[in-house]
Amino acid sequence: MFSSRAHLLLSLCASYALAFTPPARIDVPLFLSPAGRPVMGVGMSTNNVQNFNFTLTTSLGYTTVAGKSCQDCSDTPLYDVSLSDSAKPLSGQPSVSLGDSGFQGTLIKENCKLYASGGQTWNYTNQTIIVANSQSKDSIFDKDISGLLGLGTLKNPTDAAGFSASFDDGIYGQYYIRNPDATNFTFGMDLKPSPVIPGNGSSLTIGPGAKSLGDSGVGTLHWLQPDSSAYQADKVQWRPVQVGITTGYLANNTQPDLTVQLDGWAATIGSNNVGVSQPILVNVDPYHPGIYMPMQEARLIHDAISGSEQTALSTMPGQTVAWTVPCNTQVQFAVIIGEQRFTVDQSILVVDQGDGTCVSIIEGFTDSSVTQYIFGQNFMSQLYLIFNIPKSGISSVGFAPRTVSSTTSRDIGAIVGGTVGGVAGVVALGLLAFYLIRRRQDNTFFKRAAEIEEEHKVASTVEPYTFGQNMVAHDPRGFGLASPPASAHDPLLGMHDAGPVQLPPPTYEEASEAGGPSAVRAYPRDSKMTYTTASPPVSPNQTAFSGSGSSAV
(Lines give C-alpha, C1' and ligand atoms only; values in the text may rest on other atoms or scores of the structure.)
Protein backbone atom coordinates (compact mmCIF):
# COMPACT_ATOMS: atom_id res chain seq x y z
CA MET A 1 0.00 0.00 0.00
CA PHE A 2 2.80 2.34 0.94
CA SER A 3 4.65 1.73 -2.29
CA SER A 4 1.53 2.39 -4.40
CA ARG A 5 0.87 5.65 -2.56
CA ALA A 6 4.48 6.68 -2.91
CA HIS A 7 4.35 5.89 -6.62
CA LEU A 8 1.18 8.00 -6.99
CA LEU A 9 2.77 10.86 -5.08
CA LEU A 10 5.88 10.73 -7.23
CA SER A 11 3.73 10.69 -10.37
CA LEU A 12 1.82 13.75 -9.20
CA CYS A 13 5.05 15.57 -8.37
CA ALA A 14 6.47 14.72 -11.78
CA SER A 15 3.29 15.95 -13.49
CA TYR A 16 3.43 19.18 -11.52
CA ALA A 17 7.08 19.68 -12.37
CA LEU A 18 6.38 19.17 -16.07
CA ALA A 19 3.24 21.35 -16.12
CA PHE A 20 3.26 24.29 -18.48
CA THR A 21 4.34 27.56 -16.87
CA PRO A 22 2.67 30.66 -18.31
CA PRO A 23 5.30 32.85 -19.98
CA ALA A 24 6.38 36.23 -18.67
CA ARG A 25 5.34 39.33 -20.58
CA ILE A 26 7.65 40.62 -23.29
CA ASP A 27 7.34 44.29 -24.22
CA VAL A 28 7.76 44.86 -27.95
CA PRO A 29 8.13 48.60 -28.69
CA LEU A 30 6.36 50.00 -31.73
CA PHE A 31 7.79 52.90 -33.70
CA LEU A 32 6.48 55.13 -36.45
CA SER A 33 7.67 54.41 -39.98
CA PRO A 34 8.08 57.20 -42.55
CA ALA A 35 4.92 55.80 -44.15
CA GLY A 36 3.02 56.45 -40.93
CA ARG A 37 2.44 52.86 -39.87
CA PRO A 38 3.54 51.26 -36.57
CA VAL A 39 6.56 48.97 -36.99
CA MET A 40 8.59 46.54 -34.89
CA GLY A 41 11.91 44.79 -35.34
CA VAL A 42 11.94 41.25 -36.78
CA GLY A 43 14.93 39.01 -37.49
CA MET A 44 14.77 36.19 -40.05
CA SER A 45 16.86 32.97 -40.35
CA THR A 46 18.81 31.16 -37.64
CA ASN A 47 22.44 32.18 -38.11
CA ASN A 48 22.88 34.66 -40.94
CA VAL A 49 20.08 36.85 -39.54
CA GLN A 50 18.47 39.48 -41.76
CA ASN A 51 16.75 42.28 -39.82
CA PHE A 52 13.70 44.19 -40.95
CA ASN A 53 10.93 46.54 -39.89
CA PHE A 54 7.54 44.80 -39.91
CA THR A 55 4.18 46.50 -39.59
CA LEU A 56 1.30 44.51 -38.09
CA THR A 57 -2.31 43.60 -38.83
CA THR A 58 -5.09 41.66 -37.13
CA SER A 59 -6.92 41.10 -40.42
CA LEU A 60 -4.61 38.38 -41.73
CA GLY A 61 -2.89 35.36 -40.22
CA TYR A 62 -0.15 35.22 -42.82
CA THR A 63 3.28 36.68 -42.10
CA THR A 64 4.79 38.28 -45.20
CA VAL A 65 8.17 39.73 -46.17
CA ALA A 66 9.17 41.57 -49.33
CA GLY A 67 11.55 39.35 -51.31
CA LYS A 68 14.66 40.33 -53.22
CA SER A 69 12.85 39.75 -56.52
CA CYS A 70 10.01 42.18 -55.70
CA GLN A 71 10.27 44.87 -58.37
CA ASP A 72 7.39 46.87 -56.89
CA CYS A 73 8.89 47.03 -53.40
CA SER A 74 10.96 50.18 -53.11
CA ASP A 75 12.89 52.19 -50.54
CA THR A 76 13.14 49.31 -48.08
CA PRO A 77 15.49 46.36 -47.34
CA LEU A 78 14.47 43.11 -49.05
CA TYR A 79 14.72 39.54 -47.79
CA ASP A 80 17.17 37.30 -49.63
CA VAL A 81 16.16 33.66 -49.21
CA SER A 82 19.48 32.49 -50.66
CA LEU A 83 21.28 33.93 -47.63
CA SER A 84 19.20 32.01 -45.11
CA ASP A 85 20.42 28.73 -43.65
CA SER A 86 16.98 27.83 -42.27
CA ALA A 87 14.49 28.67 -45.05
CA LYS A 88 12.58 25.74 -46.55
CA PRO A 89 10.51 26.18 -49.72
CA LEU A 90 6.82 25.23 -49.91
CA SER A 91 4.52 24.82 -52.89
CA GLY A 92 1.88 27.41 -53.71
CA GLN A 93 1.62 30.95 -55.07
CA PRO A 94 -0.66 32.83 -52.64
CA SER A 95 -2.25 36.14 -53.57
CA VAL A 96 -3.54 38.23 -50.68
CA SER A 97 -5.44 41.53 -50.34
CA LEU A 98 -5.32 43.83 -47.34
CA GLY A 99 -7.55 46.90 -47.49
CA ASP A 100 -6.76 48.65 -50.75
CA SER A 101 -3.41 46.88 -51.08
CA GLY A 102 -2.41 43.44 -52.29
CA PHE A 103 0.60 41.22 -52.83
CA GLN A 104 1.54 37.78 -54.10
CA GLY A 105 4.57 35.54 -53.87
CA THR A 106 6.03 32.19 -52.91
CA LEU A 107 5.88 30.29 -49.63
CA ILE A 108 8.64 29.19 -47.29
CA LYS A 109 9.14 27.94 -43.75
CA GLU A 110 11.51 30.17 -41.79
CA ASN A 111 12.76 30.80 -38.25
CA CYS A 112 12.02 34.30 -36.97
CA LYS A 113 12.32 36.41 -33.84
CA LEU A 114 10.80 39.60 -32.45
CA TYR A 115 13.07 42.21 -30.90
CA ALA A 116 11.82 43.43 -27.53
CA SER A 117 12.86 45.96 -24.90
CA GLY A 118 16.01 45.38 -22.90
CA GLY A 119 17.70 43.34 -25.62
CA GLN A 120 15.17 40.52 -25.30
CA THR A 121 14.05 38.44 -28.26
CA TRP A 122 11.13 36.10 -28.78
CA ASN A 123 11.94 33.27 -31.16
CA TYR A 124 9.24 31.63 -33.25
CA THR A 125 10.47 28.85 -35.47
CA ASN A 126 9.06 27.05 -38.50
CA GLN A 127 6.83 30.00 -39.43
CA THR A 128 4.96 29.92 -42.74
CA ILE A 129 6.03 33.05 -44.64
CA ILE A 130 4.85 34.57 -47.89
CA VAL A 131 7.86 35.99 -49.74
CA ALA A 132 6.24 38.74 -51.81
CA ASN A 133 7.57 39.11 -55.34
CA SER A 134 5.03 41.76 -56.39
CA GLN A 135 2.49 44.12 -54.87
CA SER A 136 -0.24 46.43 -56.05
CA LYS A 137 0.16 50.14 -56.65
CA ASP A 138 -1.16 50.96 -53.19
CA SER A 139 1.87 49.42 -51.58
CA ILE A 140 2.55 47.90 -48.17
CA PHE A 141 6.28 47.31 -48.51
CA ASP A 142 7.97 50.68 -48.90
CA LYS A 143 9.51 53.46 -46.83
CA ASP A 144 11.41 51.15 -44.47
CA ILE A 145 8.56 48.63 -44.12
CA SER A 146 9.80 45.24 -45.29
CA GLY A 147 7.23 42.90 -43.77
CA LEU A 148 3.82 42.32 -42.30
CA LEU A 149 3.24 40.42 -39.05
CA GLY A 150 -0.11 38.66 -39.34
CA LEU A 151 -1.85 38.56 -35.94
CA GLY A 152 -4.92 36.83 -37.36
CA THR A 153 -5.70 33.22 -36.56
CA LEU A 154 -5.98 31.43 -39.92
CA LYS A 155 -8.57 29.23 -38.21
CA ASN A 156 -10.66 29.53 -41.36
CA PRO A 157 -8.51 27.68 -43.93
CA THR A 158 -7.45 29.82 -46.86
CA ASP A 159 -6.82 28.16 -50.22
CA ALA A 160 -4.17 29.95 -52.23
CA ALA A 161 -2.91 28.47 -55.50
CA GLY A 162 -2.14 24.99 -54.30
CA PHE A 163 -1.55 25.74 -50.63
CA SER A 164 -4.24 25.50 -47.97
CA ALA A 165 -3.25 27.61 -44.95
CA SER A 166 -4.55 26.58 -41.54
CA PHE A 167 -4.18 27.54 -37.88
CA ASP A 168 -0.83 25.73 -37.66
CA ASP A 169 0.62 28.03 -40.34
CA GLY A 170 0.08 31.11 -38.16
CA ILE A 171 2.06 32.46 -35.26
CA TYR A 172 -0.28 30.97 -32.63
CA GLY A 173 -0.51 27.46 -34.09
CA GLN A 174 3.26 27.13 -34.12
CA TYR A 175 3.39 28.38 -30.53
CA TYR A 176 1.08 25.56 -29.43
CA ILE A 177 3.18 23.03 -31.36
CA ARG A 178 6.26 24.23 -29.45
CA ASN A 179 4.31 24.36 -26.15
CA PRO A 180 1.84 21.45 -26.26
CA ASP A 181 0.68 22.03 -22.66
CA ALA A 182 -0.32 25.65 -23.29
CA THR A 183 -4.02 26.39 -23.71
CA ASN A 184 -4.13 30.17 -24.30
CA PHE A 185 -2.10 32.74 -26.17
CA THR A 186 -2.81 36.24 -24.87
CA PHE A 187 -1.35 39.65 -25.60
CA GLY A 188 -2.22 43.30 -25.03
CA MET A 189 -1.98 46.31 -27.30
CA ASP A 190 -1.20 49.78 -25.99
CA LEU A 191 -1.14 52.34 -28.80
CA LYS A 192 -0.75 56.07 -29.28
CA PRO A 193 -2.73 58.03 -31.91
CA SER A 194 -1.60 57.91 -35.53
CA PRO A 195 -0.36 61.13 -37.18
CA VAL A 196 -1.54 59.97 -40.61
CA ILE A 197 -3.93 62.15 -42.61
CA PRO A 198 -5.96 61.09 -45.67
CA GLY A 199 -4.24 61.80 -48.98
CA ASN A 200 -4.53 61.09 -52.67
CA GLY A 201 -1.41 59.00 -53.21
CA SER A 202 -0.73 55.31 -52.80
CA SER A 203 1.23 55.87 -49.58
CA LEU A 204 0.02 57.30 -46.32
CA THR A 205 0.73 60.93 -45.47
CA ILE A 206 2.03 62.04 -42.08
CA GLY A 207 0.59 65.24 -40.64
CA PRO A 208 2.77 68.36 -40.34
CA GLY A 209 5.29 68.23 -37.52
CA ALA A 210 4.95 64.47 -36.97
CA LYS A 211 8.16 62.59 -36.21
CA SER A 212 9.22 59.53 -38.15
CA LEU A 213 11.04 56.25 -37.61
CA GLY A 214 13.18 56.01 -34.48
CA ASP A 215 12.10 59.40 -33.16
CA SER A 216 8.62 58.53 -32.04
CA GLY A 217 7.28 55.57 -30.10
CA VAL A 218 3.69 54.81 -31.04
CA GLY A 219 2.99 52.18 -28.43
CA THR A 220 3.88 48.78 -27.06
CA LEU A 221 2.83 45.25 -27.87
CA HIS A 222 2.58 43.42 -24.54
CA TRP A 223 3.43 40.02 -25.92
CA LEU A 224 2.46 36.73 -24.20
CA GLN A 225 0.75 38.58 -21.32
CA PRO A 226 -1.18 41.87 -21.11
CA ASP A 227 0.20 44.55 -18.81
CA SER A 228 -1.91 44.29 -15.66
CA SER A 229 -1.16 47.89 -14.69
CA ALA A 230 -2.41 49.33 -17.94
CA TYR A 231 -6.17 48.94 -17.81
CA GLN A 232 -9.13 48.68 -15.45
CA ALA A 233 -9.57 44.94 -15.13
CA ASP A 234 -13.03 45.16 -13.59
CA LYS A 235 -14.37 46.98 -16.65
CA VAL A 236 -13.10 44.74 -19.45
CA GLN A 237 -15.76 43.98 -22.05
CA TRP A 238 -15.07 40.66 -23.80
CA ARG A 239 -16.41 39.90 -27.25
CA PRO A 240 -16.08 36.54 -29.05
CA VAL A 241 -14.65 36.50 -32.55
CA GLN A 242 -17.33 35.97 -35.19
CA VAL A 243 -17.01 32.97 -37.50
CA GLY A 244 -18.78 31.90 -40.64
CA ILE A 245 -19.28 35.45 -42.00
CA THR A 246 -19.30 35.58 -45.79
CA THR A 247 -20.49 39.11 -46.65
CA GLY A 248 -20.13 42.73 -45.65
CA TYR A 249 -16.36 43.15 -45.87
CA LEU A 250 -14.18 44.77 -48.54
CA ALA A 251 -14.24 43.30 -52.01
CA ASN A 252 -11.24 41.08 -52.88
CA ASN A 253 -10.41 40.79 -49.17
CA THR A 254 -11.14 37.84 -46.93
CA GLN A 255 -13.21 38.14 -43.78
CA PRO A 256 -10.87 39.72 -41.16
CA ASP A 257 -9.80 37.02 -38.72
CA LEU A 258 -10.60 38.90 -35.51
CA THR A 259 -13.97 40.46 -36.33
CA VAL A 260 -16.18 41.02 -33.28
CA GLN A 261 -19.75 42.18 -32.71
CA LEU A 262 -20.17 45.43 -30.77
CA ASP A 263 -23.35 47.15 -29.60
CA GLY A 264 -23.49 50.25 -31.77
CA TRP A 265 -22.15 53.78 -31.86
CA ALA A 266 -23.29 57.33 -31.10
CA ALA A 267 -21.96 60.66 -32.33
CA THR A 268 -22.58 64.14 -30.92
CA ILE A 269 -22.11 67.26 -33.03
CA GLY A 270 -23.27 70.35 -31.17
CA SER A 271 -26.87 69.65 -30.16
CA ASN A 272 -27.28 66.90 -32.74
CA ASN A 273 -27.05 63.23 -31.81
CA VAL A 274 -26.88 60.47 -34.39
CA GLY A 275 -26.06 56.83 -34.05
CA VAL A 276 -26.81 53.16 -34.48
CA SER A 277 -28.11 51.08 -31.59
CA GLN A 278 -28.14 47.67 -33.24
CA PRO A 279 -25.12 45.32 -33.29
CA ILE A 280 -22.29 46.12 -35.67
CA LEU A 281 -19.44 43.92 -36.94
CA VAL A 282 -16.05 45.50 -36.33
CA ASN A 283 -12.42 44.65 -37.03
CA VAL A 284 -9.92 46.50 -34.81
CA ASP A 285 -6.69 46.70 -36.78
CA PRO A 286 -3.63 48.93 -36.14
CA TYR A 287 -2.61 48.61 -39.79
CA HIS A 288 -5.27 51.21 -40.62
CA PRO A 289 -5.08 54.69 -39.04
CA GLY A 290 -8.72 55.87 -39.22
CA ILE A 291 -12.32 54.90 -38.55
CA TYR A 292 -14.14 53.31 -41.48
CA MET A 293 -17.86 52.64 -41.75
CA PRO A 294 -20.65 52.14 -44.28
CA MET A 295 -21.11 55.19 -46.50
CA GLN A 296 -24.64 55.96 -45.32
CA GLU A 297 -23.52 56.19 -41.71
CA ALA A 298 -20.34 58.15 -42.41
CA ARG A 299 -22.42 60.63 -44.40
CA LEU A 300 -24.90 60.87 -41.53
CA ILE A 301 -22.17 62.11 -39.19
CA HIS A 302 -20.71 64.60 -41.62
CA ASP A 303 -24.08 65.96 -42.69
CA ALA A 304 -24.47 67.06 -39.09
CA ILE A 305 -21.20 69.03 -39.27
CA SER A 306 -21.90 72.44 -40.76
CA GLY A 307 -19.43 73.23 -43.51
CA SER A 308 -18.24 69.66 -44.13
CA GLU A 309 -17.56 68.64 -47.72
CA GLN A 310 -16.91 65.21 -49.20
CA THR A 311 -13.49 64.88 -50.81
CA ALA A 312 -11.51 62.32 -52.75
CA LEU A 313 -8.97 62.23 -49.92
CA SER A 314 -8.63 58.77 -48.41
CA THR A 315 -6.30 56.52 -46.44
CA MET A 316 -7.66 53.65 -48.60
CA PRO A 317 -7.71 55.12 -52.10
CA GLY A 318 -10.49 53.61 -54.19
CA GLN A 319 -12.13 51.96 -51.19
CA THR A 320 -13.12 54.94 -49.02
CA VAL A 321 -13.69 58.69 -49.15
CA ALA A 322 -13.21 61.31 -46.46
CA TRP A 323 -14.63 64.74 -45.58
CA THR A 324 -13.03 68.11 -44.97
CA VAL A 325 -14.50 69.86 -41.95
CA PRO A 326 -14.08 73.25 -40.25
CA CYS A 327 -11.01 73.19 -38.02
CA ASN A 328 -13.09 74.33 -35.02
CA THR A 329 -15.47 71.37 -35.31
CA GLN A 330 -16.62 69.96 -31.96
CA VAL A 331 -17.52 66.28 -32.29
CA GLN A 332 -17.58 63.17 -30.14
CA PHE A 333 -17.77 59.60 -31.38
CA ALA A 334 -18.57 56.84 -28.87
CA VAL A 335 -18.54 53.10 -29.42
CA ILE A 336 -20.92 51.15 -27.20
CA ILE A 337 -19.65 47.84 -25.82
CA GLY A 338 -21.83 46.36 -23.12
CA GLU A 339 -21.87 48.74 -20.19
CA GLN A 340 -18.95 50.79 -21.50
CA ARG A 341 -18.72 53.73 -23.88
CA PHE A 342 -15.34 54.40 -25.43
CA THR A 343 -15.29 57.97 -26.68
CA VAL A 344 -12.98 59.98 -28.92
CA ASP A 345 -13.38 63.67 -29.62
CA GLN A 346 -12.21 66.26 -32.14
CA SER A 347 -8.63 66.07 -30.83
CA ILE A 348 -8.47 62.65 -32.48
CA LEU A 349 -11.20 62.88 -35.14
CA VAL A 350 -10.20 66.17 -36.80
CA VAL A 351 -6.71 66.49 -38.28
CA ASP A 352 -5.10 69.69 -39.53
CA GLN A 353 -3.53 69.14 -42.95
CA GLY A 354 -1.13 72.01 -42.44
CA ASP A 355 -2.63 74.19 -45.18
CA GLY A 356 -5.45 75.78 -43.22
CA THR A 357 -7.91 72.99 -43.89
CA CYS A 358 -8.87 70.07 -41.68
CA VAL A 359 -10.04 66.58 -42.51
CA SER A 360 -12.10 64.02 -40.60
CA ILE A 361 -10.54 60.61 -39.99
CA ILE A 362 -14.02 59.01 -40.23
CA GLU A 363 -14.23 57.64 -43.75
CA GLY A 364 -17.03 55.94 -45.68
CA PHE A 365 -16.74 52.85 -47.88
CA THR A 366 -17.49 53.59 -51.52
CA ASP A 367 -18.89 50.07 -52.03
CA SER A 368 -22.46 50.02 -50.72
CA SER A 369 -22.24 46.29 -50.06
CA VAL A 370 -19.68 46.88 -47.28
CA THR A 371 -21.60 46.86 -44.00
CA GLN A 372 -18.79 46.10 -41.58
CA TYR A 373 -16.53 48.56 -39.77
CA ILE A 374 -12.79 48.95 -39.27
CA PHE A 375 -11.56 50.79 -36.18
CA GLY A 376 -7.91 51.61 -36.70
CA GLN A 377 -5.03 52.95 -34.65
CA ASN A 378 -6.58 56.30 -33.73
CA PHE A 379 -9.59 54.71 -32.08
CA MET A 380 -7.55 51.87 -30.60
CA SER A 381 -5.29 54.43 -28.92
CA GLN A 382 -8.11 55.48 -26.61
CA LEU A 383 -8.51 52.10 -24.89
CA TYR A 384 -6.53 48.99 -24.06
CA LEU A 385 -7.08 45.88 -26.16
CA ILE A 386 -6.51 42.28 -25.10
CA PHE A 387 -6.46 39.45 -27.62
CA ASN A 388 -7.01 35.89 -26.43
CA ILE A 389 -6.35 33.08 -28.92
CA PRO A 390 -7.09 29.70 -27.29
CA LYS A 391 -5.68 26.43 -28.51
CA SER A 392 -9.21 25.26 -29.16
CA GLY A 393 -12.50 27.09 -29.15
CA ILE A 394 -13.40 30.66 -30.06
CA SER A 395 -10.95 33.54 -29.84
CA SER A 396 -12.01 36.74 -28.07
CA VAL A 397 -11.08 40.41 -27.83
CA GLY A 398 -11.23 42.41 -24.61
CA PHE A 399 -11.95 46.16 -24.62
CA ALA A 400 -10.91 47.97 -21.44
CA PRO A 401 -10.63 51.56 -20.21
CA ARG A 402 -7.06 52.55 -19.62
CA THR A 403 -5.86 52.89 -16.05
CA VAL A 404 -7.06 56.20 -14.61
CA SER A 405 -4.48 58.89 -15.13
CA SER A 406 -2.52 60.12 -12.15
CA THR A 407 -3.30 63.70 -13.27
CA THR A 408 -6.16 63.97 -10.81
CA SER A 409 -4.03 62.52 -8.05
CA ARG A 410 -1.27 64.96 -8.87
CA ASP A 411 -3.73 67.86 -8.77
CA ILE A 412 -5.10 66.74 -5.43
CA GLY A 413 -1.56 66.17 -4.22
CA ALA A 414 -0.64 69.70 -5.28
CA ILE A 415 -3.58 71.10 -3.33
CA VAL A 416 -2.79 69.03 -0.25
CA GLY A 417 0.91 69.77 -0.62
CA GLY A 418 0.21 73.48 -0.92
CA THR A 419 -1.93 73.43 2.21
CA VAL A 420 0.60 71.45 4.20
CA GLY A 421 3.36 73.62 2.81
CA GLY A 422 1.52 76.76 3.90
CA VAL A 423 1.07 75.45 7.43
CA ALA A 424 4.67 74.34 7.51
CA GLY A 425 5.72 77.78 6.34
CA VAL A 426 3.87 79.49 9.20
CA VAL A 427 5.42 77.08 11.70
CA ALA A 428 8.85 77.66 10.20
CA LEU A 429 8.47 81.43 10.47
CA GLY A 430 7.48 81.06 14.10
CA LEU A 431 10.50 78.88 14.83
CA LEU A 432 12.77 81.32 13.02
CA ALA A 433 11.46 84.25 15.08
CA PHE A 434 11.95 82.23 18.28
CA TYR A 435 15.47 81.35 17.21
CA LEU A 436 16.43 84.95 16.42
CA ILE A 437 15.03 86.25 19.72
CA ARG A 438 16.79 83.48 21.65
CA ARG A 439 20.00 84.10 19.77
CA ARG A 440 19.85 87.79 20.59
CA GLN A 441 19.35 86.97 24.23
CA ASP A 442 22.21 84.49 24.15
CA ASN A 443 24.51 87.04 22.49
CA THR A 444 23.71 89.59 25.22
CA PHE A 445 24.39 87.05 27.92
CA PHE A 446 27.75 86.06 26.46
CA LYS A 447 28.74 89.68 25.94
CA ARG A 448 28.11 90.44 29.59
CA ALA A 449 29.90 87.28 30.63
CA ALA A 450 32.88 88.29 28.52
CA GLU A 451 33.08 91.68 30.17
CA ILE A 452 32.97 90.10 33.63
CA GLU A 453 35.37 87.26 32.96
CA GLU A 454 37.53 88.71 30.24
CA GLU A 455 40.58 86.79 31.38
CA HIS A 456 38.79 83.48 30.81
CA LYS A 457 37.78 84.09 27.21
CA VAL A 458 38.57 81.22 24.92
CA ALA A 459 38.70 81.82 21.23
CA SER A 460 37.67 78.73 19.33
CA THR A 461 37.89 78.21 15.61
CA VAL A 462 35.71 75.71 13.78
CA GLU A 463 37.20 74.31 10.59
CA PRO A 464 34.44 73.99 7.98
CA TYR A 465 33.86 70.52 6.51
CA THR A 466 32.73 70.62 2.90
CA PHE A 467 30.40 67.90 1.68
CA GLY A 468 30.98 67.01 -1.97
CA GLN A 469 29.75 64.38 -4.45
CA ASN A 470 30.55 63.82 -8.07
CA MET A 471 27.25 63.59 -9.94
CA VAL A 472 27.34 61.77 -13.27
CA ALA A 473 24.45 62.58 -15.55
CA HIS A 474 22.95 59.56 -17.26
CA ASP A 475 19.78 58.50 -19.02
CA PRO A 476 18.07 55.86 -16.88
CA ARG A 477 15.78 54.95 -19.73
CA GLY A 478 18.59 53.80 -21.99
CA PHE A 479 16.92 54.84 -25.22
CA GLY A 480 19.90 55.07 -27.53
CA LEU A 481 17.72 54.76 -30.61
CA ALA A 482 19.52 54.58 -33.91
CA SER A 483 18.43 55.29 -37.46
CA PRO A 484 16.75 52.67 -39.68
CA PRO A 485 18.88 49.70 -40.73
CA ALA A 486 21.16 50.62 -43.60
CA SER A 487 20.99 47.10 -44.88
CA ALA A 488 19.05 43.92 -44.28
CA HIS A 489 21.73 42.75 -41.86
CA ASP A 490 21.82 45.80 -39.59
CA PRO A 491 19.84 45.73 -36.33
CA LEU A 492 16.57 47.64 -36.13
CA LEU A 493 16.83 50.90 -34.21
CA GLY A 494 19.63 49.57 -32.02
CA MET A 495 17.24 47.18 -30.34
CA HIS A 496 19.95 44.53 -29.93
CA ASP A 497 22.05 46.53 -27.53
CA ALA A 498 19.82 49.25 -26.20
CA GLY A 499 18.52 49.19 -22.66
CA PRO A 500 14.86 48.92 -21.71
CA VAL A 501 12.67 51.29 -23.66
CA GLN A 502 10.01 52.67 -21.38
CA LEU A 503 7.59 54.44 -23.63
CA PRO A 504 5.14 56.71 -21.80
CA PRO A 505 1.58 55.53 -22.39
CA PRO A 506 -0.75 57.73 -24.41
CA THR A 507 -3.21 59.84 -22.50
CA TYR A 508 -6.68 60.93 -23.36
CA GLU A 509 -9.09 63.27 -21.65
CA GLU A 510 -12.72 63.23 -22.65
CA ALA A 511 -14.08 66.55 -23.80
CA SER A 512 -16.83 66.62 -21.19
CA GLU A 513 -15.75 67.02 -17.57
CA ALA A 514 -19.22 67.08 -16.04
CA GLY A 515 -22.68 65.63 -16.39
CA GLY A 516 -23.95 62.10 -16.41
CA PRO A 517 -24.96 59.66 -19.11
CA SER A 518 -27.95 60.75 -21.12
CA ALA A 519 -30.17 58.88 -23.48
CA VAL A 520 -28.99 58.77 -27.05
CA ARG A 521 -31.47 58.36 -29.80
CA ALA A 522 -30.34 55.54 -32.05
CA TYR A 523 -31.25 54.70 -35.60
CA PRO A 524 -31.43 51.40 -37.49
CA ARG A 525 -29.13 51.28 -40.46
CA ASP A 526 -31.83 50.53 -42.97
CA SER A 527 -34.00 53.58 -42.28
CA LYS A 528 -33.58 57.25 -43.00
CA MET A 529 -31.71 58.88 -40.18
CA THR A 530 -32.42 62.32 -38.77
CA TYR A 531 -30.99 64.46 -36.01
CA THR A 532 -32.23 65.03 -32.50
CA THR A 533 -31.56 67.74 -29.97
CA ALA A 534 -31.19 65.39 -27.04
CA SER A 535 -28.32 65.96 -24.65
CA PRO A 536 -25.01 64.55 -25.92
CA PRO A 537 -23.88 61.06 -24.93
CA VAL A 538 -21.05 60.95 -22.48
CA SER A 539 -18.78 58.23 -21.29
CA PRO A 540 -19.46 56.92 -17.79
CA ASN A 541 -15.74 57.30 -17.08
CA GLN A 542 -15.15 61.02 -17.45
CA THR A 543 -11.60 61.07 -16.27
CA ALA A 544 -8.32 61.10 -18.07
CA PHE A 545 -7.05 57.69 -19.08
CA SER A 546 -3.45 56.65 -19.45
CA GLY A 547 -1.30 53.57 -19.19
CA SER A 548 -2.47 50.02 -19.86
CA GLY A 549 -3.66 46.95 -17.95
CA SER A 550 -4.66 43.28 -17.84
CA SER A 551 -6.50 40.46 -16.17
CA ALA A 552 -5.84 36.77 -15.93
CA VAL A 553 -7.28 34.85 -18.84
Side-chain angles (χ1 to χ4, degrees), residues 56-62 96-99 150-159 164-173 183-189 226 236-265 275-288 290-294 296-298 316 319-320 334-342 365 367-377 379-380 383-400 522 524-526 553:
L56 63 162
T57 180
T58 60
S59 296
L60 301 174
Y62 274 118
V96 181
S97 295
L98 177 59
L151 296 176
T153 63
L154 282 176
K155 281 195 172 181
N156 295 322
T158 302
D159 294 322
S164 179
S166 66
F167 183 64
D168 287 346
D169 291 296
I171 200 167
Y172 314 117
T183 57
N184 285 81
F185 190 106
T186 307
F187 63 95
M189 199 174 290
V236 180
Q237 301 293 318
W238 288 98
R239 289 292 181 268
V241 169
Q242 300 295 304
V243 296
I245 300 172
T246 58
T247 60
Y249 45 86
L250 287 170
N252 301 321
N253 284 241
T254 57
Q255 171 62 45
D257 281 347
L258 296 177
T259 299
V260 294
Q261 182 173 283
L262 306 182
D263 300 316
W265 61 267
V276 167
S277 61
Q278 64 188 35
I280 58 176
L281 291 177
V282 177
N283 174 226
V284 285
D285 191 343
Y287 176 81
H288 303 289
I291 296 174
Y292 311 85
M293 58 176 59
Q296 181 184 8
E297 297 174 12
M316 279 195 230
Q319 297 278 18
T320 64
V335 176
I336 304 164
I337 310 175
E339 299 176 354
Q340 296 290 323
R341 285 175 180 261
F342 297 94
F365 294 113
D367 185 349
S368 60
S369 67
V370 178
T371 57
Q372 297 186 23
Y373 298 69
I374 299 174
F375 291 163
Q377 182 181 340
F379 179 79
M380 296 170 71
L383 62 156
Y384 190 84
L385 288 152
I386 308 168
F387 297 86
N388 183 47
I389 317 296
K391 188 173 185 177
S392 59
I394 302 298
S395 301
S396 57
V397 181
F399 299 78
R525 281 182 284 180
D526 55 355
V553 179

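The OG1 atom of Thr153 sits 10.5 Å away from the CG atom of Leu60 when rounded to the nearest 0.5 Å. The distance from the CZ atom of Phe375 to the CG atom of Leu385 is 11.5 Å, given to the nearest 0.5 Å. Distance check: Glu297 CD to Thr371 OG1 gives 9.0 Å after rounding to the nearest 0.5 Å. Remark: Ile374 CD1 to Met316 CE distance equals 4.0 Å, nearest 0.5 Å. A distance of 10.5 Å separates CD1 of Ile280 from CD of Gln372, quoted to the nearest 0.5 Å. With rounding to the nearest 0.5 Å, the separation of OG in Ser396 from CD1 in Ile389 is 7.5 Å.
Screening Asp257, Asp285, Thr259, Thr254 against Ser59 for a side-chain hydrogen bond (donor to acceptor under 3.5 Å, both in side chains) leaves a single residue, Asp285. With Phe399 as the fixed residue, the side chain to side chain contact (heavy atoms under 4.5 Å, CB included) test singles out one of Ile386, Leu262, Val335: Leu262.
Using a 4.5 Å cut-off on side-chain heavy atoms (C-beta onward), Pro390 and Ser395 make contact. Inter-residue side-chain proximity for Val260 and Val284 is flagged as unmet; no heavy-atom pair is nearer than 4.5 Å. Looking only at side-chain heavy atoms (C-beta outward), Thr58 and Pro286 come within less than 4.5 Å of each other. A 4.5 Å side-chain heavy-atom check between Tyr292 and Gln319 finds every atom pair outside the cut-off.
With hydrogens and angles disregarded, no donor-acceptor distance shorter than 3.5 Å links the side chain of Asp169 to the backbone of Phe167. Remark: side-chain polar atoms of Thr57 are not paired, donor with acceptor, to backbone N or O of Tyr287 under 3.5 angstrom.
Listed by chain and residue number, nothing satisfies the side chain to side chain donor-acceptor pair (under 3.5 Å) test with Asp168 (two or more places apart in sequence, or in another chain). Under the rule for a ring-ring contact (aromatic ring centres under 6.0 Å, His included), the partners of Phe187 that lie at least two apart in sequence or sit in another chain are Trp223, Phe387.
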> Could you walk me through whether Met189 and Leu56 pass the side-chain contact (heavy atoms from CB on, under 4.5 Å) check?
Replying inline: CA-CA 11 Å; Met189 199 174 290; Leu56 63 162; 4.3 Å; yes
> Going through the distances and angles, do Tyr172 and Leu151 end up as a side-chain contact (heavy atoms from CB on, under 4.5 Å)?
Replying inline: CA-CA 8 Å; Tyr172 314 117; Leu151 296 176; 3.6 Å; yes
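Defined by atom type and a distance below 3.5 Å, a donor-acceptor pair is present between the side-chain atoms of Thr186 and Asn388. Under 3.5 Å, the side chains of Gln242 and Gln255 contain no donor-acceptor pair of N or O atoms.
Across all non-hydrogen atoms, the minimal contact from Phe379 to Phe342 is CE1-O, 3.7 Å. Closest approach of Ile337 and Gln237 over heavy atoms only: O-CG, 3.4 Å.
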